[in-house]
Amino acid sequence: MSFRNRPILDRKHRPRWQDELRSQQLIVAGFAMAIAVALGIFGAAAWSSFYNATLRPVAIVGGTTIDRAEMTHRTDLLAAQLSASYLDIAGQKVGGVKDQLLDQQVQALQQGLQSVDQVASDTVVTGLVLEAKARELGLSVPQDELDAEVAKQTSLPERRKLSLIVVIPVKPEGASADTPPTDQAWADAKAEIDDVKAQLDGGAVFADLAAGHSDDGSKSTKGLLGWIEKDDSAYGDYFTAADGAAAGAVIGPTKTDEGWYLLRVDDVKPAGPDKQLSDLLDAAGVSDAEYRDYVRTTLLQRKFQDYFNTSVLGKYQPQREVAQIMIGADPAGAAVTPKIHIRHLLAQPLPGEQDQSAATQEQWDAALARAEALREEALKPDADWYALSEESDDAGSRTKGGYLGWYEPSSLATSFVPEFAAAAAALDVGEVSEPVKSQFGYHIIQVTERRASATELANRLVDDLRQDPDSFPAVARDESEDPVTAKDGGDLGWVIKYQFEPERQDAIFALTKVGEISDPVVTSSGIYIFKLLDTAEARFVSQAQRDKVSTGGFSRWLQELKDQAHIWLDTQFAPAPATVAGG
């Protein structure tokens, strides 16, 4: 028996069904691979989306990581709280005198919603910083305080919708504001309010009577004040006066220091739970425990504020007595252009009058004579423009040596009347003009100096002051743009820590030698130069100064604590950088 190998078929002789089967297998394999790739891409995209929405780190505070889900949850909580406040305030608008204030509050809430991401990150980060520091300082929030605050935050106070008629005694024509009304005026006011009350009792409409008789701001709203709460800064006394009164009741006539009033209770809303807040928190998935944790952070920050006021702002502190010169910085981002420093003296034909058009030629001639006399004094080598300006009729510059400020030469035509602008533009530094007539009177003008930029001026002043520290009061009087300290030679008094922002504080407390002049300090409010007048390592601080520093100082101290905590924030949640102007 013999065997033969199966004949090998070449592709031409292969059955069609085998080729079709092979093609189908390749197609199926291709589809499978495509599906696998698609599933892989979809899975990677889904994972990336899930990671970015929940697990991606968005902040690190002292080694503690906050992920996106936690930050989103806080954002949702704050958005719910802001939205509830928005709905509550909008619901209080009834056309009363409070509507304008309510509109301002609504606008503030809308702005808050626009920056809710940044506010949320600040509350989360601040909470972690305070928690870590609280243990060190022995600060905590008692449970009963937390319970009370949560109850307050989730409730609405009692409100009373009130309308008002005020009758004010009429003073004699021409009487000053300090002149009290006469007894007869009070009697007339009482008779009028009694008549109004009688009309009300007879069925007259309160709004009509308010429109005809009320003498206060509610007249324009026909007496309607709106919804008033107990702690209302403007109308809280009326809330108290309506205590226990039912809707429809009229209280008064009642006498005050201002006059007589009648008060009607239009409606009453008792205190109770804030249903809108509760619904919005539920919709956002915020649990009671999470809301309590947020409120606890708020209370803890108050504890830190108290600690700052009592312990950080102690009665005895290191202090520096300094004088300062403040120069307004050139606008950030704008092209820096040279400016001239201008001062003037003004002689008016009708001194102190806004309109000089009624002056006679004789009066104009007298004003010119005064101007020429002022110029003669101003031309003297030892001329004291501060003394001369006391005789000037320009009240705005009279106490500032006649100084009007720094101006770009190209802006003179838009800053001053044509005659003044043309004269100032033609002057050399130090030159005193002839009397220049304008609609306001006769001007004696001087350009005292030129500067390339605010920074150039500051550097030049520092160089000059270090050569002659005793000239600081005179330079401050002429150059400083802070009107409060300039008139006192720049004297700022005794400065304590946290009184100013870090740039100024660091520069002031870096001075150690009496008479020392600081480098120029660039801040968002201007460029500062300081001179050290005295030092004290433990000097008494008045309660008034501590109260003045309390709020702003606490914010600076809190930021200092944050800086020490080594915080990283995702750019989405970081606050917008402060713009610092510089020349």
Side-chain angles (χ1 to χ4, degrees), residues 49-62 64-92 105-132 134 139-157 159 229 269 271-305 558 562 567-575:
S49 177
F50 173 76
Y51 175 82
N52 285 327
T54 58
L55 302 179
R56 177 172 63 90
V58 295
I60 301 175
V61 182
T64 300
T65 300
I66 300 118
D67 61 33
R68 186 68 176 84
E70 183 178 356
M71 198 68 83
T72 299
H73 224 41
R74 179 57 60 87
T75 300
D76 291 344
L77 185 157
L78 290 175
Q81 191 172 52
L82 289 170
S83 298
S85 296
Y86 175 90
L87 294 171
D88 177 49
I89 291 172
Q92 294 181 53
Q105 293 173 346
V106 165
Q107 185 177 5
L109 287 169
Q110 290 172 331
Q111 293 173 349
L113 282 167
Q114 293 172 2
S115 59
V116 69
D117 281 347
Q118 289 74 26
V119 176
S121 70
D122 183 64
T123 63
V124 171
V125 168
T126 299
L128 290 173
V129 171
L130 298 185
E131 285 288 352
L139 301 177
S140 63
V141 177
Q143 192 67 30
D144 58 341
E145 287 187 25
L146 177 58
D147 292 341
E149 186 64 21
V150 169
K152 179 180 178 181
Q153 294 287 341
T154 56
S155 300
L156 294 175
R159 291 174 180 150
E229 300 175 12
K269 288 182 180 178
D274 188 343
K275 184 69 165 51
Q276 290 180 138
L277 175 59
S278 177
D279 290 345
L280 287 167
L281 290 174
D282 287 344
V286 178
S287 67
D288 290 344
E290 289 165 333
Y291 190 76
R292 287 175 66 85
D293 184 60
Y294 163 70
V295 175
R296 185 178 180 281
T297 297
T298 303
L299 289 176
L300 189 58
Q301 184 161 328
R302 294 180 193 171
K303 298 290 183 181
F304 271 77
Q305 174 80 68
L558 182 57
K562 291 180 180 180
I567 297 169
W568 169 80
L569 271 176
D570 185 281
T571 54
Q572 178 183 353
F573 299 97

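Within the 3.5 Å criterion, the main-chain N or O of Ala120 finds a donor-acceptor partner in the side chain of Thr123.
Nearest approach of Ala80 to Leu281, heavy atoms of both residues: CB-CD2, 3.9 Å. The two atoms that bring Val116 and Ala79 nearest to each other are CG2-N, 4.0 Å, heavy atoms only. The two residues Thr297 and Leu130 come nearest to each other via the heavy atoms O-CD1, 4.5 Å. For the pair Ala284 and Asp76, the tightest heavy-atom approach, listed with the atom from each and the gap, is CB-CB, 3.9 Å.
Looking only at side-chain heavy atoms (C-beta outward), Ile66 and Leu128 come within less than 4.5 Å of each other.
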Practice prompt. Go through the steps for Val106 and Gln111 under the test side-chain contact (heavy atoms from CB on, under 4.5 Å), then give the verdict.
Written response: CA-CA 9 Å; Val106 165; Gln111 293 173 349; over 6 Å; no

Practice prompt. Take Leu156 and Asp88, measure what side-chain contact (heavy atoms from CB on, under 4.5 Å) needs, and give me the verdict at the end.
Written response: CA-CA 9 Å; Leu156 294 175; Asp88 177 49; 3.9 Å; yes

Discussion item. Walk me through whether Leu113 and Leu109 qualify under side-chain contact (heavy atoms from CB on, under 4.5 Å).
Written reply: CA-CA 6 Å; Leu113 282 167; Leu109 287 169; 5.6 Å; no

Item to complete: Start with the C-alpha gap between Asp293 and Glu290, add the side-chain angles, then the distance that decides, and say whether side-chain contact (heavy atoms from CB on, under 4.5 Å) holds.
Response: CA-CA 5 Å; Asp293 184 60; Glu290 289 165 333; 5.6 Å; no

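Judged as a side-chain contact (heavy atoms from CB on, under 4.5 Å), and not counting sequence neighbours, the contacts of Asp279 are Lys275. Applying the side-chain hydrogen bond (donor to acceptor under 3.5 Å, both in side chains) rule to Thr65 yields no partners; only residues at least two apart in sequence or on another chain are considered.
Neither side chain, Gln110 nor Gln114, offers a donor N or O lying under 3.5 Å from an acceptor on the other. Looking at Gln81 and Tyr294, their side chains do bring a donor and an acceptor atom within 3.5 Å of each other.
A salt bridge links Glu145 and Lys303; the closest N-O separation between the charged side-chain nitrogens and carboxylate oxygens is under 4.0 Å. A salt bridge between Asp147 and Arg292 is present, with a side-chain N of the basic residue lying under 4.0 Å from a carboxylate O of the acidic one.
How far CZ of Arg302 is from CG of Leu139: 15.0 Å, rounded to the nearest 0.5 Å. For the atom pair Ser278 OG and Asp288 CG, the distance stands at 8.0 Å (nearest 0.5 Å). Annotation: the span from Leu299 atom CG to Glu149 atom CD amounts to 5.0 Å, rounded to 0.5 Å. Atom CG in Leu558 sits 9.5 Å away from atom CD in Gln305 (nearest 0.5 Å).
In summary, of the residues considered (Val124, Asp117, Val286), a side-chain contact (heavy atoms from CB on, under 4.5 Å) with Arg74 occurs for Val124 alone.
Atom CG of Asp144 is surrounded by more than 12 heavy atoms from other residues, nucleotides or ligands within 6.0 Å.
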